[in-house]
Every structure is written in C-alpha cells, then in structure tokens.
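Numbers here are sequence positions counted from 1. Predicted, not measured: the structure shown is a model, and the values here were computed from it.
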Amino acid sequence: FHRSAVSAAEVEWSSFDGFIKYLTKVPTDYEIARTIGLHEHKKKKYTDAIKYLEMVKDVKLHNTAYYTALGESYYNTK
C-alpha cells in the first residue's frame, strides 16, 4: 500500500492493524504515528499512545492536541 494514497484524516480504523504494520516498516511517517497515538489516547490506551506520539519528530505536527494527549498519557501511566 502506498503512503500517497492515505492521509491521516482518511485512516479507516477497521484496518488499524494495517497502519500499525505499515508504521513498523516506515517509522518516519510521523503523520500516521501521530494519528495512531491520538487514537490510542482517545481509547485510554496510554502506554500505546506514548509509544506512537513519541515517534513524531516533526515539530510541525506538535500542536495542542498532540501535547495534551502526550501529557495526559504520561500522567495516567504513573
């Protein structure tokens, strides 16, 4: 599957495992990592959220939602 065919907004959670598998092959796809991390945070899977949110190295993707999810995830794993 090609990255250009998928945007973060178009992630279909029915194929969520496919995106995780894709991310293991392309760990520099920060948009997908951020999207997965935010999704895991929403599901209260805080350890997984931290794992994916910490993969995001592009500071342009570090917005309020990102920092809130990362901070809440850290807080809820302590």
Side-chain angles (χ1 to χ4, degrees):
F1 105 91
H2 295 79
R3 169 66 179 103
S4 61
V6 179
S7 73
E10 297 171 332
V11 173
E12 293 181 25
W13 298 114
S14 61
S15 61
F16 189 69
D17 290 339
F19 287 99
I20 291 174
K21 191 175 188 179
Y22 164 75
L23 195 58
T24 61
K25 293 179 182 182
V26 187
T28 57
D29 192 332
Y30 303 133
E31 288 183 48
I32 294 295
R34 181 181 179 277
T35 301
I36 293 171
L38 293 174
H39 179 72
E40 294 293 67
H41 172 262
K42 190 174 184 178
K43 290 173 33 182
K44 299 183 191 247
K45 296 174 114 185
Y46 299 118
T47 302
D48 290 336
I50 291 168
K51 173 184 171 183
Y52 293 107
L53 292 171
E54 285 186 341
M55 292 175 75
V56 182
K57 305 299 183 203
D58 184 351
V59 296
K60 291 181 245 165
L61 298 173
H62 293 183
N63 62 6
T64 303
Y66 169 86
Y67 285 118
T68 300
L70 187 58
E72 286 180 353
S73 296
Y74 276 122
Y75 179 81
N76 285 301
T77 56
K78 304 267 177 194

task = State which residues pass side chain to side chain contact (heavy atoms under 4.5 Å, CB included) with K43; sequence neighbours excluded, sorted by chain then number.
result = H39, E40, K45
N/O donor-acceptor pair under 3.5 Å between H62 side chain and K57 backbone = no
query = Can you find a pair of side-chain heavy atoms, one from L23 and one from Y52, that are under 4.5 Å apart?
reply = yes
task = Hey, could you give me the OG1/CD1 distance between T77 and I50, rounded to the nearest 0.5 Å?
result = 4.0 Å
remark   = To the nearest 0.5 Å, atom OG1 of T68 lies from atom OH of Y75 at 15.0 Å
request  = Tell me, please, which residues at least two apart from K44 pass salt bridge (charged side-chain N to carboxylate O under 4.0 Å, His left out).
outcome  = none
query = side chain to side chain contact (heavy atoms under 4.5 Å, CB included) with L38: which residues, sequence neighbours excluded?
reply = R34, L53, A69
request  = Indicate yes or no: at least one non-hydrogen side-chain atom of L61 is less than 4.5 angstrom from one of Y66.
outcome  = no
note = The side chain to side chain contact (heavy atoms under 4.5 Å, CB included) partners of T28 (sequence neighbours excluded) come to V26, Y30
request  = For Y46, check ring-ring contact (aromatic ring centres under 6.0 Å, His included) against everything at least two apart and list the hits.
outcome  = H41
ask   = Between CG of D29 and OH of Y22, what distance do you get to the nearest 0.5 Å?
value = 4.0 Å
request  = For the residue pair K78 and N76, establish whether any side-chain heavy-atom pair is separated by less than 4.5 Å.
outcome  = no
Distance-minimising heavy-atom pair for G37 and A49 = O-CB, 3.5 Å
